[in-house]
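Reading through the structure tokens given below for one structure.
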2 protein chains.
Amino acid sequence: MLTVSEENHLKAIFKISERNGTPVSTNKIAHELNTAAASVTDMLKRLSAKKLIKYEKYQGAHLTEQGNQLATRLVRKHRLWETFLVEKLEFSWDEVHQIAEQLEHIQSETLTERLDAFLDYPRFDPHGDPIPDRNGKFTLRKQHVLDSLEQGDTGIIIGVSNHDTDFLKLLDELQVKLGVTISILSKFDYDDSLKVRIGESAEHIIPKNISKNIYVKKA
Amino acid sequence: MLTVSEENHLKAIFKISERNGTPVSTNKIAHELNTAAASVTDMLKRLSAKKLIKYEKYQGAHLTEQGNQLATRLVRKHRLWETFLVEKLEFSWDEVHQIAEQLEHIQSETLTERLDAFLDYPRFDPHGDPIPDRNGKFTLRKQHVLDSLEQGDTGIIIGVSNHDTDFLKLLDELQVKLGVTISILSKFDYDDSLKVRIGESAEHIIPKNISKNIYVKKA
DNA sequence: ATATTTTTTTAGACTTATCTAAATTATACT
DNA sequence: AGTATAATTTAGATAAGTCTAAAAAAATAT
């Protein structure tokens, strides 16, 4: 049985290695968790002793099979709870992260499975992230980062890669929601900002620092 | 903001003082929480420093107004989560206590209120215990302990005062559920055990150690 | 290829939450 | 009332999780 802190470190390693397959550095984990690098080093030793990660001094860490499984379960719980909060308790997508951070540590296999059933086995959470099934399988789909679309392209918004409250509130302002259609009216070479139409009505300029955090399915 | 352990101690004090209004002893808390008395002493000092309890060495402790409020909120959360687990996730009443023990520590006012609304503001949990409302008010009702009924009496089962899995499983066996009618066919002077009819069909002998944990509303 | 900078680890300290054993205080019983 | 017993507290220890400052290793830049 893991402590909350151990679980958080596992999840951080999982998250960081999603992007780049190389070993995860102490500093990156510390940054992800807002802790001192020294604390991370301690924890890496502990997780290594429990065989949840492979860790060599100064060489970073990566998850073992077992560690990966545990981290995946945490992600599953986190995303199921987020879905619950939005779908059943009417939270908005910018409010749920912090609460799900707590709920994901509740220990009960049965609870997770019942929750999954109650939600009707959702495959994506309110931010468009895939929810691993009970066997740890993620549903894959072809997605493009909005900033890679060109003038004339049209897509459907299917996810975001930044879950910060402030970022999501801004998206609300722009009418950006999952499932909405977005068309690129023009793209400005100056800074790669986009002029887009979202849904039926709204037209906006979206700077790259926003568009790079939005996933679309090309229409 | 309290730690989980602080919250558990508050809740224990609350629970013990429900029955008997006198100050709560170190030993009773230790027994309730399965810890050493020395650990409780430490915690009492801490809670006292935070003004959540009144504590005098060797004289036991009782909740302050503020402590009572926090403890009541914990009870509220615990019972709401139990209700959620039974009503929405189809857990049985003997499975929910341990999970609710974890869920009650989730910190989010909004979550509690949304959950309450989602459940349609239940006033009693799956064990028949009253759920305090957002202001800490409990719904009172006249209840009798089953062992106090006499031959010929009839009542409706409205609660239990023991939440142990094994106890509740035994009640299931006896067809004891909330809302069911129970009639006292006879009462044996030897040990105060009762011969009862439960619901339509079942007839059983119920020993006092069981009947003393069942609440009924007299019909 | 050496020096500078950055990253990581070690060392040592602190807090919380526990424990056991010993000392102290309160209670209960002749 | 005085003593035996029970309850409580104190003292001292341990483990987890965190920190800062210093030391060591690795990466980078001239």
Side-chain angles (χ1 to χ4, degrees), chain A residues 1-13 15-17 19-63 67 70-71 74 101-102 104-105 107, chain B residues 1-13 15-17 19-63 67 70-71 74 101-102 104-105 107:
Chain A
M1 182 87 108
L2 301 185
T3 66
V4 167
S5 182
E6 288 170 335
E7 291 193 339
N8 284 336
H9 281 78
L10 274 189
K11 224 182 45 149
I13 297 168
K15 189 173 174 185
I16 296 164
S17 36
R19 299 249 155 215
N20 95 41
T22 61
V24 171
S25 78
T26 304
N27 254 4
K28 285 222 179 91
I29 299 169
H31 185 255
E32 173 73 24
L33 296 176
N34 270 298
T35 53
S39 314
V40 173
T41 300
D42 283 355
M43 189 55 87
L44 293 182
K45 287 178 188 163
R46 230 184 314 226
L47 292 174
S48 182
K50 294 193 176 186
K51 311 237 190 234
L52 300 175
I53 63 170
K54 205 80 195 171
Y55 165 62
E56 302 278 359
K57 259 198 215 181
Y58 295 103
Q59 304 305 305
H62 66 269
L63 297 174
L70 289 173
L74 285 167
E101 285 286 306
Q102 299 178 64
E104 75 191 4
H105 299 293
Q107 306 282 176
Chain B
M1 183 87 108
L2 301 185
T3 66
V4 167
S5 182
E6 286 169 336
E7 291 193 338
N8 284 337
H9 281 77
L10 275 189
K11 224 182 43 146
I13 296 167
K15 187 173 174 184
I16 296 164
S17 37
R19 298 248 156 217
N20 95 42
T22 61
V24 171
S25 76
T26 303
N27 254 4
K28 284 221 180 90
I29 300 168
H31 185 255
E32 174 72 25
L33 297 176
N34 270 299
T35 53
S39 314
V40 173
T41 300
D42 283 354
M43 190 55 87
L44 293 181
K45 288 179 187 163
R46 217 164 328 171
L47 293 174
S48 183
K50 293 194 176 184
K51 311 238 191 235
L52 300 175
I53 64 172
K54 205 82 193 170
Y55 165 62
E56 301 278 359
K57 259 200 213 178
Y58 296 103
Q59 305 303 306
H62 66 268
L63 298 173
L70 289 173
L74 285 167
E101 286 287 305
Q102 299 177 64
E104 74 191 5
H105 299 293
Q107 306 280 177

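Numbered from 1 within each chain, the chains take letters A, B, ... in sequence-line order. Note that the coordinates shown come from a computational prediction; the quantities given were computed from them, not determined experimentally.
- Residues B:L70 and B:L74 have side chains not in contact (no heavy-atom distance under 4.5 Å, counting atoms from C-beta outward).
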Once each nucleotide of nucleotides 6-20 of chain C is scored for protein heavy atoms under 4.0 Å, what B/S/- sequence comes out, 5' to 3'? -SBBB-----SSBBB

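- Residue pairs meeting the side-chain hydrogen bond (donor to acceptor under 3.5 Å, both in side chains) criterion with at least one partner in residues 22-35 of chain B, sequence neighbours excluded, are B:K15-B:E32, B:N20-B:T22.
- Taking 4.0 Å as the cutoff to heavy atoms of chain B, we find the contact window on DNA chain D bounded by D:dA7 to D:dT10.
- The salt bridge (charged side-chain N to carboxylate O under 4.0 Å, His left out) pairs that include a residue from residues 51-63 of chain B number zero, where partners must be two or more places apart or lie in different chains.
- Residues B:L63 and B:V24 are not in side-chain contact: their nearest non-hydrogen atoms beyond the backbone lie 4.5 Å or more apart.
- A search for salt bridge (charged side-chain N to carboxylate O under 4.0 Å, His left out) contacts involving B:E104 returns B:K11, not counting sequence neighbours.
- For residues 36-50 of chain B, the set of pairs meeting the salt bridge (charged side-chain N to carboxylate O under 4.0 Å, His left out) definition, not counting sequence neighbours, comprises B:E6-B:K50.
- Put simply, NE2 on A:H9 and OG on A:S39 are 7.0 Å apart, with the number rounded to the nearest 0.5 Å.
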